[in-house]
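One structure is given below, encoded as structure tokens.
Computation of the quantities below employed the complete heavy-atom set of this structure, encompassing side-chain atoms and omitting hydrogens, waters and symmetry-equivalent molecules. Chain letters run A, B, ... following the sequence lines, proteins first, then strands; residues in each count from 1.
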Protein chains: 2
Amino acid sequence: MKFDERHLIQLAAVVKTGGVTEGAALLGLAQPAVSRTLSMLEKRVGEPLFIKGRRPLQPTPLGLSLAEHGLVMLAASRKASDLVESFRVGKSGVVRIGGTPFFMDALITGLCAEFQASHPDVRIDQSYGYFPDLRAALKADQIDLAICPIDILDEGSGLEFQQILPGRNVVACRITHPLLLKRRPQPSHLLDYPWIAPPPGSPLLADLRALLLSFGATEIKIRFSGGSLMSVINYLKAADALTIMPHSVVFAQRKEKTITALPITIPHPERALAILKRIDAPRAPAVDQFAEFVRTGFQDLRHLIKRHEEAVIWGI
Amino acid sequence: MKFDERHLIQLAAVVKTGGVTEGAALLGLAQPAVSRTLSMLEKRVGEPLFIKGRRPLQPTPLGLSLAEHGLVMLAASRKASDLVESFRVGKSGVVRIGGTPFFMDALITGLCAEFQASHPDVRIDQSYGYFPDLRAALKADQIDLAICPIDILDEGSGLEFQQILPGRNVVACRITHPLLLKRRPQPSHLLDYPWIAPPPGSPLLADLRALLLSFGATEIKIRFSGGSLMSVINYLKAADALTIMPHSVVFAQRKEKTITALPITIPHPERALAILKRIDAPRAPAVDQFAEFVRTGFQDLRHLIKRHEEAVIWGI
DNA sequence: GCATCAGTATAACGGATCGTTATGAAATTC
DNA sequence: GAATTTCATAACGATCCGTTATACTGATGC
């Protein structure tokens, strides 16, 4: 005995509503269609599903049991419909994001939580990487979005990128660092303190080298390297060390009052923090929703960040 | 977005098996049918359900979620099919039985438990009544089976009845009753003890009257009446009272060693304990299964009951 | 890199059945 | 018992389903 699932759903609707007419209405069908289905079901099952001649239509125990299974299907069908609807408007689905570790930890993960306040059924899978890996991951459809600093002149060959922040770097230290006492710390002073090197592969590492070259320095004291953002911050908290960081990361930590930036301008490449998407492949609506959320989130922050930068670096 | 439930089931089958061909096979369909369904689904949903160009067919998150709902439906459909199968062979369903209180309590309820050892999914609804009520309940389709004593000449007008036991009555008392010490208690002795009257409406009550008439007695000491079987037995356990009971009820209590029957033959009508069914209306297979179980159950007991009767009443 | 192969998409077709409107029958309600 | 509601049946057009046959595409082998 194999059923057409729709028949069981119709049965369920009739049992639930207590009438053929109402059951049909519940499903948006005409009454004769449902009536015929019921007749057919009873014939096929070979057992009565309803007690005949009672107007508040009453199912037999078998009819009731079958209707329960029909209800399960009806519920599942409804859920499936809802799922598609919510997926279409970006209210459900999966967003796979990848980004550089510091940015993700400092700025993006918190945004994820905020995003899910309005999109609770969207799952976010986060992973880490630097630009080359991220680009490859995008093209291999392993992630939907990459959030990382890219050189502005870099061409994305099939990748769309939206700039969300200028990619300015600063020298970070703890707020009790002695260099902060000087009005105008000189680059040469930077060589007096131990340094934390950004993770290998990080653009920050290249930036650090450029920084050194701009001083004419050939060597600094690297005391620690390879840690995550939290590692670095905890190290900075405990020593008068220095490191190079995107300003926005320092900005994100401003409330903690543990680290800040030295009022020194350092060279920075023409780079911007951007969201990268594949331009060709179809993206789940939730992905676009999330990207838009991040973009506007940073837009709202932009002047705050700028003022913070001016205040910290320029002492305005 | 409304789905044809079968489409979601086909999707589920494909996701589950990892291939269109295998999914189709799982459902007993040809591959093109399922393939077309998937194309159609993707077009209707407007989002990809599978990652293109991967041979171990891999669903997108949306496809996977939809497939989960499809699996629910598939499971419900399978369960519904199983339900009908088990119903057809009497392995599931509801059996509504009605009967005289003493018989039900003493003999039938225990059989119900035994029956359900082999038919765990059959529910049994028991109710009490005497022949006129039971016949009415049968005809009104409130019960499926009635188990009660009926006069053999009674004609069941649309009711089929199967005799399961001779309807012999005995005088019951506790096993320490003084009358049991006499080899041949005389009817007149019965008047010396207090009596428990069977419930009003019970055929036993009529039998008790007939018994009195046969003694020429006009009055006995009725001390208690209206109780259930357990009431009566507990009363008997606590006093040297007497009552009239079907022998089979005493038989059923033999293991308890609390009550027995006096070795006195008393008049009994041409009556038998029988199972009554409506002959016209369709019965659920489980009903027939149960009726047959009861019938053969008593058939197996028949000679045991007969020997018990002879031993107790005739002292053989 | 090309050939082979398994699995998938597409096409065409016959038929089942679905949903509709129209109408009759049955039961409930007043 | 008449009116009304609800259910069953009939007829019909159209959709969609499942089938076979066939072309296509990605995987696998050397």
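- A:Thr17 places a side-chain N or O within donor-acceptor distance of the main-chain N or O of A:Ala13, the cut-off being under 3.5 Å.
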For the pair A:Leu145 and A:Phe290, evaluate side chain to side chain contact (heavy atoms under 4.5 Å, CB included) and give the outcome as yes or no after the intermediate values. CA-CA 9 Å; A:Leu145 294 176; A:Phe290 180 74; 3.6 Å; yes
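- Atom CG of B:Leu27 is separated from atom P of D:dT19 by 11 Å (rounded to the nearest Å).
- When only modelled atom types and interatomic distance are considered, A:Thr21 and A:Gln31 share no side-chain donor-acceptor pair under 3.5 Å.
- Atom CD1 in A:Ile51 sits roughly 15 Å away from atom P in D:dC7 (whole-Å rounding).
- Computed from coordinates, the A:Ile9 CD1 to C:dC18 C1' distance equals 15 Å when rounded to whole Å.
- Aromatic ring centroids of B:His119 and B:Phe115 lie under 6.0 Å apart.
- Near DNA chain C, defined here as any heavy-atom distance below 4.0 Å, the residues from residues 29-37 of chain B are B:Gln31, B:Pro32, B:Ser35, B:Arg36, listed numerically.
- Note on the helix from C:dG1-D:dC30 to C:dC30-D:dG1: angle between the axes of the first and last five pairs equals 50°, rounded to 10 degrees.
- Test A:Asp144, A:Asp141, A:Asp288 against A:Lys277 for salt bridge (charged side-chain N to carboxylate O under 4.0 Å, His left out) and you get one pass: A:Asp288.
- Each of A:Glu22 and A:Arg6 has a nearest nucleotide on DNA chain D; the 5'-most of these lies closest to A:Glu22.
- Rounding to whole angstrom units, CG of residue B:Leu26 and P of C:dG7 are separated by 16 Å.
- Rounded to whole Å, atom P of D:dT9 lies 11 Å from atom CG of A:Leu38.
- Checking the phosphate oxygens (OP1, OP2) of D:dT9, a side-chain nitrogen or oxygen of A:Ser39 falls inside 4.0 Å.
- Protein atom CD of B:Glu5 is 15 Å distant from nucleotide atom C1' of D:dC16, rounded to whole Å.
- Here the side chain of A:Glu42 pairs no donor or acceptor atom with the backbone of A:Pro48 at under 3.5 angstrom.
- Side-chain atoms of B:Tyr128 and B:Asp105 include a donor-acceptor pair closer than 3.5 Å.
- Using modelled atom types and a 3.5 Å distance limit, the side chains of A:Gln10 and A:Thr37 yield a donor-acceptor pair.
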